[in-house]
J.: 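One structure follows; several queries about it will come next.
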Amino acid sequence: MRQLLQTNDPVLISFIESLLKGNDIAVVVLDQNMSVLEGSIGVLQRRIMVPDDNFPQACRILREADLGEWLKRDDTQ
């Protein structure tokens, strides 16, 4: 699995999950339950992960949806 992006915006997370799942790309959101530890103030960012094989396609889909600015900068393709 590779990290596609990280954010604490629940609407963005939901939209990206829907967008990728609609293109048959498995999505895992890590750190969702950390809000219990942080007191639900939204400080800790959630990580959106996709399978290594689907990473280039997921990046392309996000760019086409005008969400390329959210991609993790150090390893985007």
Side-chain angles (χ1 to χ4, degrees):
M1 297 291 279
R2 282 182 70 179
Q3 181 178 327
L4 189 61
L5 62 97
Q6 62 185 51
T7 182
N8 54 6
D9 183 340
V11 175
L12 180 62
I13 292 169
S14 178
F15 179 65
I16 290 173
E17 278 185 292
S18 176
L19 191 62
L20 295 177
K21 286 179 181 177
N23 284 282
D24 296 322
I25 296 176
V27 179
V28 176
V29 180
L30 300 180
D31 306 321
Q32 289 186 105
N33 297 322
M34 291 302 291
S35 63
V36 173
L37 297 176
E38 69 172 332
S40 299
I41 58 175
V43 174
L44 297 177
Q45 295 188 335
R46 281 65 171 165
R47 294 175 288 158
I48 298 178
M49 309 291 285
V50 295
D52 293 337
D53 298 358
N54 296 120
F55 185 80
Q57 180 186 6
C59 288
R60 182 184 49 77
I61 290 168
L62 290 188
R63 283 191 199 99
E64 289 175 358
D66 206 23
L67 297 172
E69 72 217 42
W70 290 96
L71 291 171
K72 192 170 182 246
R73 295 283 179 232
D74 61 343
D75 63 354
T76 58
Q77 295 180 2

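Not measured: the values here are computed from a predicted model.
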J.: Mind listing the closest non-hydrogen atom pair of Pro51 and Ala26 along with its distance?
T.: CD-O, 3.2 Å
J.: In Å and rounded to the nearest 0.5 Å, what is the CE to CG distance from Met1 to Asp53?
T.: 11.0 Å
J.: Considering non-hydrogen atoms only, spot the tightest contact between Asp31 and Arg47 and give its length.
T.: OD2-NE, 2.7 Å
J.: So if you build clusters from Ile, Leu, Val, Met, Phe, Trp, Tyr with side-chain heavy-atom gaps below 4.5 Å, do Leu19 and Leu71 land together?
T.: yes
J.: Mind listing the closest non-hydrogen atom pair of Gln3 and Phe55 along with its distance?
T.: O-CE1, 3.6 Å
J.: Considering non-hydrogen atoms only, spot the tightest contact between Thr7 and Leu5 and give its length.
T.: CG2-CD1, 3.9 Å
J.: State the CG-CD distance between Leu12 and Gln6, to the nearest 0.5 angstrom.
T.: 12.0 Å
J.: Should Ile13 and Leu62 be counted in the same cluster of Ile, Leu, Val, Met, Phe, Trp and Tyr side chains packed under 4.5 Å apart?
T.: yes
J.: In sequence, state the C-alpha distance, the side-chain angles, and the governing distance for Leu20 and Ile61, and then conclude on side-chain contact (heavy atoms from CB on, under 4.5 Å).
T.: CA-CA 8 Å; Leu20 295 177; Ile61 290 168; 4.2 Å; yes
J.: Rounded to the nearest 0.5 Å, what separates atom CG in Leu4 from atom CG in Leu67?
T.: 10.0 Å
J.: Answer yes or no: does atom CG of Asp66 have more than 12 heavy-atom neighbours from other residues, nucleotides or ligands under 6.0 Å?
T.: no
J.: Quick one: CZ on Arg46 to CG on Leu30, what's the gap to the nearest 0.5 Å?
T.: 11.5 Å
J.: Would you give the length of the straight line joining atom CD of Gln57 to atom CD1 of Ile25, rounded to the nearest 0.5 angstrom?
T.: 4.0 Å
J.: Look up atom CH2 in Trp70 and atom CD1 in Ile48, then write down how far apart they are to the nearest 0.5 Å.
T.: 10.0 Å
